[in-house]
Amino acid sequence: EVQLVESGGGLVQPGGSLRLSCAASGFTLSNYWMHWVRQVPGKGLLWVSRINFDGTDTKYADSVKGRFTISRDNAKNTLYLQMNSLRAEDTAIYYCVRDVGTSIDGSWYKWFDPWGQGTLVTVSS
Amino acid sequence: DIQLTQSPSFLSASVGDRVTITCRASQVFSSCLAWYQQKPGKAPKLLIYAASTLQGGVPSRFSGSGSGTEFTLTISSLQPEDFATYYCQQLNSYPHTFGGGTKVEIK
């Protein structure tokens with residue numbers, strides 16, 4: 001079974017740091033780009049970051065650029081999100097997701113599947 | 001950035017109703033659009049990708065259509081397990097934005 005399991009969430013003070021982990025199973029992590037998406041409880045979804053197959057290329061939402069770092073250890077089948085200089089507005093459930101794609105009629109399409117169960121990060125004093 | 005606007009943001013419907021949710025984009029893009037269903041306390045689940053392709057295992061009462069800047073998700077006959085929040089997402093360019101969500105509740 002393809003599965004993603006996040007861990008590392010918790011309560012942290014403003015300005016603090018936290019590292020999230022996402023353990024992948026049921027597939028070969030190195031074959032997929034991976035992302036983090038977050039959701040303030042009761043609110044909508046926000047894409048946070050993406051990493052390519054081997055970690056040599058990354059992208060970030062403007063709201064976390066310079067503070068968050070996405071990385072991966074394919075040998076350990078694990079994705080990470082290092083979060084520094086945390087702010088109250090970073091409080092959210094953080095999901096890791098797999099980027100899946102296919103070619104249809106010569107065009108490339110992709111989607112997120114599966115999603116992990118999420119880990120809650122609370123930034124508060 | 002491509003902004004996605006879903007409408008309605010909330011709808012109340014009965015079992016057996018036909019439901020249509022619209023996702024409008026701020027600019028034209030390829031049909032690299034996905035729809036997800038999220039139930040309370042759970043992670044989102046993929047329903048449709050490439051605007052109209054049903055993910056394996058998803059009931060055929062769900063369908064997607066559209067192109068350009070307007071996309072729709074239709075549930076042909078609403079079932080009790082379909083009461084949830086639905087999100088569209090564009091994966092054409094970064095950031096991979098989501099619509100604001102449509103909450104489907106029981107009338």
Side-chain angles (χ1 to χ4, degrees), chain A residues 1-7 9 22 32-52 57-65 68 70 92-120, chain B residues 1-10 21 23 28-58 62 64 66-68 71 73 84-103:
Chain A
E1 179 193 5
V2 173
Q3 194 172 13
L4 298 168
V5 178
E6 301 93 337
S7 60
C22 171
Y32 295 89
W33 289 12
M34 297 294 292
H35 302 251
W36 289 95
V37 174
R38 72 185 187 187
Q39 182 175 39
V40 174
K43 302 297 184 182
L45 300 164
L46 179 74
W47 173 83
V48 173
S49 183
R50 178 228 88 194
I51 189 167
N52 71 341
D57 186 64
T58 58
K59 287 193 180 291
Y60 299 93
D62 287 345
S63 56
V64 306
K65 201 173 294 182
F68 289 12
I70 189 172
I93 299 167
Y94 286 75
Y95 297 101
C96 73
V97 297
R98 187 178 67 168
D99 183 319
V100 184
T102 193
S103 178
I104 303 174
D105 295 332
S107 295
W108 183 257
Y109 296 93
K110 60 179 199 172
W111 56 92
F112 288 175
D113 183 64
W115 295 57
Q117 88 287 351
T119 187
L120 177 63
Chain B
D1 296 3
I2 298 176
Q3 310 300 324
L4 297 180
T5 303
Q6 281 183 240
S7 60
S9 55
F10 172 87
I21 298 168
C23 177
V28 173
F29 68 99
S30 71
S31 297
C32 202
L33 183 118
W35 288 96
Y36 304 91
Q37 176 193 65
Q38 186 178 33
K39 295 183 178 179
K42 300 293 187 180
K45 170 191 166 187
L46 176 71
L47 296 176
I48 286 169
Y49 61 91
S52 60
T53 303
L54 201 64
Q55 170 72 341
V58 174
F62 291 92
S67 64
F71 300 86
L73 172 70
T85 300
Y86 295 84
Y87 295 93
C88 58
Q89 182 199 21
Q90 67 82 17
L91 300 102
N92 181 75
S93 62
Y94 288 97
H96 287 339
T97 44
F98 293 86
T102 296
K103 186 173 184 179

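Quick note on labels: first sequence line is chain A, next is B, and so on, each numbered from 1. Basis for what follows: all heavy atoms, side chains included, without hydrogens, waters or symmetry-related copies.
A distance of 6.0 Å separates OH of A:Tyr109 from OG of B:Ser30, quoted to the nearest 0.5 Å. For the atom pair CH2 of A:Trp111 and CD of B:Gln55, the computed distance is 7.0 Å after rounding to the nearest 0.5 Å.
Between B:His96 and A:Trp47, the shortest heavy-atom contact is O-CB, 3.5 Å. Listed here is the closest heavy atom pair of A:Phe112 and B:Gln89: CE1-NE2, 3.0 Å.
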Would A:Gln39 and B:Gln38 satisfy side-chain contact (heavy atoms from CB on, under 4.5 Å), going step by step from the backbone distance to the final call?
-> CA-CA 12 Å; A:Gln39 182 175 39; B:Gln38 186 178 33; 2.9 Å; yes

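Heavy-atom distances place the side chain of B:Thr53, and not its backbone, under 4.5 Å from chain A. Neither the backbone nor the side chain of A:Ile93 has a heavy atom closer than 4.5 Å to any heavy atom of chain B. Contact of B:Lys103 with chain A is not made at all, since no heavy-atom distance falls under 4.5 Å. With a threshold of 4.5 angstrom between heavy atoms, B:Ala43 approaches chain A through its backbone and through its side chain.
Looking at B:Tyr49 and A:Asp113, their side chains never come closer than 4.5 Å, going by heavy atoms from C-beta outward.
Interface summary for chain A: among B:Ala34, B:Ala50, B:Gly100, B:Gly99, the most heavy-atom pairs under 4.5 angstrom belong to B:Ala50. Chosen from A:Asp62, A:Leu45, A:Val37, the residue pairing most often with chain B at heavy-atom distances under 4.5 Å is A:Leu45. If you tally non-hydrogen atom pairs under 4.5 Å between each of B:Asn92, B:Ile48, B:Thr97, B:Leu91 and chain A, the highest count goes to B:Leu91. Among the candidates A:Gln117, A:Lys43, A:Lys59, the residue making the largest number of heavy-atom pairs closer than 4.5 Å to chain B is A:Lys59.
For B:Lys39, the NZ atom is densely surrounded, since the number of other residues' heavy atoms within 6.0 Å is greater than 12.
Identified by a heavy-atom distance below 4.5 Å to chain B, the contributing residues of residues 95-104 of chain A are A:Tyr95, A:Thr102, A:Ile104, in residue-number order.
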